Amino acid sequence: MSGFNDRERAFEAEFARDQEVQFRITARRNRLVGEWAAERMGLTPEETDAYAKAVVQADFEEAGDEDVIRKLAGDLTAASVEISDAEIRSVLNDKTAEARRQFMDSQN
């Protein structure tokens, strides 16, 4: 029975580690997409930093990416930047890949 318990604990530890990695990648992605949006809105470097942090915080409102997409779409539209949800989703995908690369590079 001990072997089964050891495997169960190992799977739980691996799951927790995978969740932590995914959280870090998503937070990094949100920061990158916040920086992208801030550039599109013409924000200063200080405003860009604050905005990127706000995008990261927006992701805690609900599960999934819809909260981030709503924030970006609303803020970009308010800043008179023409943007579609499809373009925002495309940028999210691109920034996810970039965030994953950055995370992996930081682990080496």
Side-chain angles (χ1 to χ4, degrees):
M1 198 60 147
S2 175
F4 178 76
N5 290 337
D6 290 345
R7 275 188 291 171
E8 184 177 20
R9 278 193 292 280
F11 283 129
E12 288 172 356
E14 182 179 354
F15 178 78
R17 190 172 45 255
D18 290 347
Q19 292 299 303
E20 172 75 15
V21 166
Q22 189 57 46
F23 173 81
R24 289 175 180 265
I25 290 170
T26 300
R28 180 68 185 148
R29 184 237 15 217
N30 290 340
R31 182 162 186 74
L32 291 169
V33 78
E35 291 170 353
W36 167 84
E39 181 181 326
R40 299 278 310 259
M41 291 186 283
L43 301 181
T44 66
E46 295 80 22
E47 292 169 330
T48 295
D49 187 55
Y51 185 74
K53 289 176 183 174
V55 172
V56 171
Q57 287 294 320
D59 194 28
F60 297 127
E61 292 176 15
E62 63 187 51
D65 294 333
E66 295 307 311
D67 45 0
V68 173
I69 292 168
R70 268 194 312 277
K71 174 164 184 51
L72 293 167
D75 293 346
L76 287 164
T77 300
S80 301
V81 175
E82 296 271 333
I83 191 103
S84 68
D85 280 359
E87 185 177 353
I88 292 172
R89 289 177 192 281
S90 175
V91 171
L92 280 172
N93 287 335
D94 294 345
K95 298 302 182 186
T96 297
E98 184 177 339
R100 183 168 276 117
R101 273 193 306 275
Q102 289 179 2
F103 180 81
M104 297 308 241
D105 289 347
S106 73
Q107 299 303 302
N108 294 330

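Keep in mind that what you see is a predicted model, and the values were worked out from it rather than measured. These values consider heavy atoms only, across backbone and side chains, with no hydrogens, waters or symmetry-generated copies.
With salt bridges taken as basic N to acidic carboxylate O contacts below 4.0 Å, none links Glu20 and Arg17. Using a 4.0 Å cut-off between charged nitrogen and carboxylate oxygen, Lys53 and Asp49 count as a salt-bridge pair.
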Evaluate salt bridge (Lys or Arg N to Asp or Glu O under 4.0 Å) for Lys95 paired with Glu98, printing each intermediate quantity in order. CA-CA 5 Å; Lys95 298 302 182 186; Glu98 184 177 339; 3.6 Å; yes

Passes salt bridge (Lys or Arg N to Asp or Glu O under 4.0 Å), Asp67 versus Arg70? Steps please. CA-CA 5 Å; Asp67 45 0; Arg70 268 194 312 277; 5.8 Å; no

Under the criterion side chain to side chain contact (heavy atoms under 4.5 Å, CB included), I'd like the reasoning laid out for Tyr51 against Lys71: C-alpha separation, chi angles, the key distance, then a yes or no. CA-CA 11 Å; Tyr51 185 74; Lys71 174 164 184 51; 3.9 Å; yes

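Checking Ser106 against Gln102 by side-chain atom types alone, no donor-acceptor pair falls below 3.5 Å. Inspection of the Thr44 and Glu47 side chains reveals an N or O donor paired with an N or O acceptor under 3.5 Å.
For Phe60, the CZ atom is densely surrounded, since the number of other residues' heavy atoms within 6.0 Å is greater than 12. With a 6.0 Å radius and a threshold of 12 heavy atoms from other residues, nucleotides or ligands, Glu82 has its CD atom at or below the threshold. Other residues, nucleotides and ligands contribute over 12 non-hydrogen atoms within 6.0 Å of the CZ atom of Arg31.
Val91 is connected to Leu43 through a chain of hydrophobic side-chain contacts under 4.5 Å among Ile, Leu, Val, Met, Phe, Trp and Tyr, so both are in one cluster. Hydrophobic clustering, with ILVMFWY side chains joined whenever heavy atoms are under 4.5 angstrom apart, groups Ile25 together with Met104. When hydrophobic clusters are built by joining Ile, Leu, Val, Met, Phe, Trp and Tyr residues whose side-chain heavy atoms come closer than 4.5 Å, directly or via intermediates, Val81 is grouped together with Val33.
Panel note: side chain Thr96, backbone Leu92; a donor-acceptor pair is recorded below 3.5 Å.
Of all heavy-atom pairs spanning Val55 and Gly34, the tightest one is CG2-CA, 3.8 Å. Counting all heavy atoms, side chain and backbone alike, Ala38 lies closest to Thr48 at CB-OG1, 3.5 Å. In plain terms, the two heavy atoms of Ala37 and Leu72 that are nearest each other are CB-CD2, 3.7 Å.
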